[in-house]
Amino acid sequence: MRVLGINALFHDPSAALVVDGRVVAAAEEERFSRRKHGKRPVPFAAWELPELAMRWCLAHAGLRPADLDVVAYSYDPDLARPAAEMGLDDPWDELRQTYARRAPQFLAAALPGLDPGRVRFVPHHVAHAASAALASPHRAGSVLVLDGRGEHASHLAGRYSGGALEILAAQDLPHSLGLLYESLTEHLGFLRSSDEYKVMALASYGRPRYLAELRETIRATDDGGFLAPVPDWTRWAAARVDDGTWGGAHADLACSVQARLEEVLVDLATWVHEQTGDRVLTMAGGTALNCVANSRVWRETAFEQVWVQPAAGDAGTALGAALQAAADHAEAIEPMPSAALGRSWTDDELAAWLRTAKVPFSTPSDLPEQVAEVLAGNGVVGWFDGRSEFGPRALGQRSLLANPGIAENLERLNDVKGREQFRPVAPMVLVDRAAEIFSGGPVPSPFMLFVHDVAPRWRARIPAVVHVDGTARIQTVDPATQPRLGATIEAFERRTGLPVVVNTSLNTAGRPMVDDPRDALELFGSAPVDLLVLGPHLVRRSALFADPAAAAAGVEAAPADPATSPAPSTGTGAAR
């Protein structure tokens with residue numbers, strides 16, 4: 001059975017393909033269009049489809065639109081209510097609903113040969129829930145979904161067993177923890193429905209001075225839901241203009257709201273456990289990208305394990321819709337193998353890109369050793385390897401790497417990326433070494449979705465990745481599943497004694513994460529990155545800008561390993 005999942009109505013449009021219960025491909029439209037978040041979540045853009053992403057998913061699997069059994073759209077307009085009735089100030093929402101109802105026809109026009117009768121609407125929060133529970137390695141367990149909004153709710157609590165969802169609670173709009181956080185994001189001078197992660201980072205610099213007042217109105221209820229009226233933020237701090245300054249009352253307000261969000265999430269998860277008694281909790285929805293809150297749920301509730309969908313935001317609903325549709329047709333669902341579900345290129349295709357760009361490169365047999373040498377010497381490395389990540393976190397497929405032992409590298413990387421200096425960078429750590437350095441969160445933690453405490457004796461050794469509050473958002477690396485990356489970190493440890501490297505996303509501020517080789521070369525050419533890893537190939541800044549003749553030849557001028565020049569390829573990877 002072939003199911004294409006589509007997320008299109010709000011933001012982060014995406015597509016995912018599930019064949020015979022197995023996740024084959026998943027990608028966000030922004031990686032193709034190079035438009036951050038794909039589009040803005042306004043009613044006038046609701047008709048836009050992830051056309052590039054869904055066509056790539058089909059091409060990757062060698063399928064035509066007519067081959068699809070189901071196209072699962074992650075929103076059901078029949079469940080929607082008028083915006084005014086839900087207490088939302090959104091006078092054009094009816095236009096959004098009109099576009100949603102016409103989705104089958106829009107999809108058939110975008111995918112010639114598709115029968116619009118094969119399009120099925122999957123409720124938004126059901127799609128979120130399926131993206132967590134059905135994609136996880138756990139075959140049964142509780143599920144908690146929290147985001148801005150769906151058809152008429154902002155939350156779902158339930159449990160999965162045998163591919164079937166039992167809904168235990170749902171919170172109707174206008175109460176929404178996601179919309180509350182979005183409103184604060186806008187008040188603090190950041191872009192709403194985009195920059196919420198900046199508020200989480202800013203919160204670490206403040207004090208929860210307003211927490212007691214927030215507790216009076218924002219709270220969980222005894223039926224599994226909550227109350228979350230949006231307050232008048234000017235009560236505590238004037239609206240901020242994003243002029244590069246930060247701190248003071250604005251940081252305190254961010255800290256207070258963040259703390260209250262964490263408390264309410266713990267209360268909601270506790271209620272779910274009281275109903276189910278399950279060992280496992282799975283989570284999705286944009287709020288589940290709040291790593292600090294996730295860690296408190298892991299630490300303070302009775303669940304033994306907490307698994308969060310790496311594409312927890314709306315992008316993940318494409319995957320969830322496809323999985324739910326497959327499960328509803330009695331397909332046996334396999335867990336998602338990893339977050340590396342996007343595009344990739346063969347070694348020869350990558351070499352062809354470099355030759356076309358007339359970039360000098362080498363293909364050394366000891367690549368991990370050479371990369372580790374650059375990192376140990378305080379170089380910045382662009383790392384492009386394998387299939388691109390699905391979701392907002394760079395997980396070792398499209399990453400910027402650096403030495404964590406030099407405190408100044410935090411400021412340096414924020415300058416390289418052109419972003420605010422209060423933003424942290426993350427540690428990437430060998431999985432078998434994580435527990436001696438990090439605590440207070442689950443290990444392994446392969447998706448960078450939890451915050452851990454850094455052991456005091458390690459804080460001075462890896463200062464670049466220790467946030468101001470003594471924590472770090474870690475990603476564990478298993479050399480068995482990421483051999484080239486694992487070998488590089490092992491080689492770095494042999495040189496420095498540190499089984500940790502800095503990891504941040506391979507992009508610059510305001511731009512989507514690098515996805516194809518052209519994106520990687522454009523970033524390398526415009527940002528002060530010392531070394532670019534492109535699969536098995538290395539491009540050195542010193543060689544690129546020092547020897548025009550070598551660049552014109554498309555090879556490294558100095559003698560290199562015999563594997564330097566792989567056979568030419570006729571493919572470019574553009575359709576992969």
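Sequence positions, counted from 1, serve as the residue numbers for this chain.
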Can you confirm whether the side chains of [X] and [Y] place a donor and an acceptor under 3.5 Å from each other?
X      : Y      : result
Ser193 : Glu182 : yes
Ser136 : Thr282 : no
Asn290 : Glu262 : no
Asn7   : Thr317 : yes
Arg423 : Asn414 : no

Tell me whether [X] contacts the main-chain N or O of [Y] through its side chain, where contact means a donor paired with an acceptor under 3.5 Å.
X      : Y      : answer
Thr234 : Ala238 : no
Gln324 : Ala127 : no
Arg240 : Thr245 : yes
Asp278 : Val280 : no
Asn503 : Ala426 : no
Asp252 : Arg207 : yes
Thr301 : Thr270 : no
Gln475 : Leu395 : yes
Thr508 : Lys417 : no
Thr287 : Leu146 : yes

Salt-bridge test for [X] and [Y]: reply yes if a basic N is under 4.0 Å from a carboxylate O, no otherwise.
X      : Y      : value
Glu420 : Lys198 : yes
Asp69  : Arg118 : no
Glu30  : Arg35  : no
Arg34  : Asp515 : no
Asp90  : Arg149 : yes
Arg393 : Glu389 : no
Glu166 : Arg159 : no
Arg96  : Asp93  : yes
Arg101 : Glu94  : yes
Lys39  : Glu48  : no
Arg215 : Glu263 : yes

Got more than 12 heavy atoms from elsewhere within 6.0 Å of [atom1], [X]?
X      : atom1 : answer
Trp47  : CH2   : no
Arg102 : CZ    : no
Asp89  : CG    : no

For the residue pair His128 and His125, categorise the inter-ring angle as parallel (less than 30°), tilted (30 to 60°) or perpendicular (more than 60°).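 Tilted: the ring planes of His128 and His125 meet at 30° to 60°.
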Name the orientation class of the two ring planes belonging to Phe438 and His452 (parallel below 30°, tilted from 30 to 60°, perpendicular beyond 60°).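 If you compare the ring of Phe438 with that of His452, the planes turn out perpendicular.
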Counting the benzene-type ring for Trp, do [X] and [Y] have ring centres under 6.0 Å apart?
X      : Y      : value
Phe44  : Trp92  : yes
Trp246 : Tyr205 : yes
His37  : Phe10  : no

Min side-chain heavy-atom separation [X]-[Y] under 4.5 Å:
X      : Y      : result
Val297 : Leu268 : no
Thr476 : Ile474 : yes
Pro231 : Trp236 : yes

To the nearest 0.5 Å, tell me how far [X] [atom1] sits from [Y] [atom2].
X      : Y      : atom1 : atom2 : result
Ile218 : Leu261 : CD1   : CG    : 9.0 Å
His250 : Leu188 : NE2   : CG    : 6.5 Å
Cys291 : Phe447 : SG    : CZ    : 13.0 Å

Taking ring pair (Phe, Tyr, Trp, His ring centres under 6.0 Å) as the definition, give me every residue that meets it alongside Tyr73, ordered by chain and number, with sequence neighbours left out.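 By the ring pair (Phe, Tyr, Trp, His ring centres under 6.0 Å) rule, Tyr73 matches Phe121.
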Per-pair distances, 0.1 Å, donor-acceptor, side chain in residues 167-178, under 3.5 Å, sequence neighbours excluded:
from: Gln171; atom 1: OE1; to: Phe226; atom 2: N; distance (Å): 3.0
from: Asp172; atom 1: OD1; to: His152; atom 2: ND1; distance (Å): 3.0
from: Asp172; atom 1: OD2; to: Arg81; atom 2: NH1; distance (Å): 3.4
from: His175; atom 1: ND1; to: Ala228; atom 2: N; distance (Å): 2.9
from: Ser176; atom 1: OG; to: Asp147; atom 2: O; distance (Å): 3.2
from: Ser176; atom 1: OG; to: Gly148; atom 2: O; distance (Å): 2.6
from: Ser176; atom 1: OG; to: Gly178; atom 2: N; distance (Å): 3.3
from: Ser176; atom 1: OG; to: Leu179; atom 2: N; distance (Å): 2.9

Under the side-chain contact (heavy atoms from CB on, under 4.5 Å) criterion, do His138 and Tyr160 qualify, and how do the steps go? CA-CA 10 Å; His138 309 286; Tyr160 265 93; over 6 Å; no
Run Val70 and Val119 through side-chain contact (heavy atoms from CB on, under 4.5 Å) and show every step you take. CA-CA 6 Å; Val70 177; Val119 177; over 6 Å; no
Begin with the C-alpha distance, continue with both residues' side-chain angles, and end with the deciding distance and a verdict on side-chain contact (heavy atoms from CB on, under 4.5 Å) for Leu68 and Val3. CA-CA 6 Å; Leu68 294 170; Val3 185; over 6 Å; no
Take Trp233 and Val257, measure what side-chain contact (heavy atoms from CB on, under 4.5 Å) needs, and give me the verdict at the end. CA-CA 10 Å; Trp233 301 117; Val257 175; 3.6 Å; yes
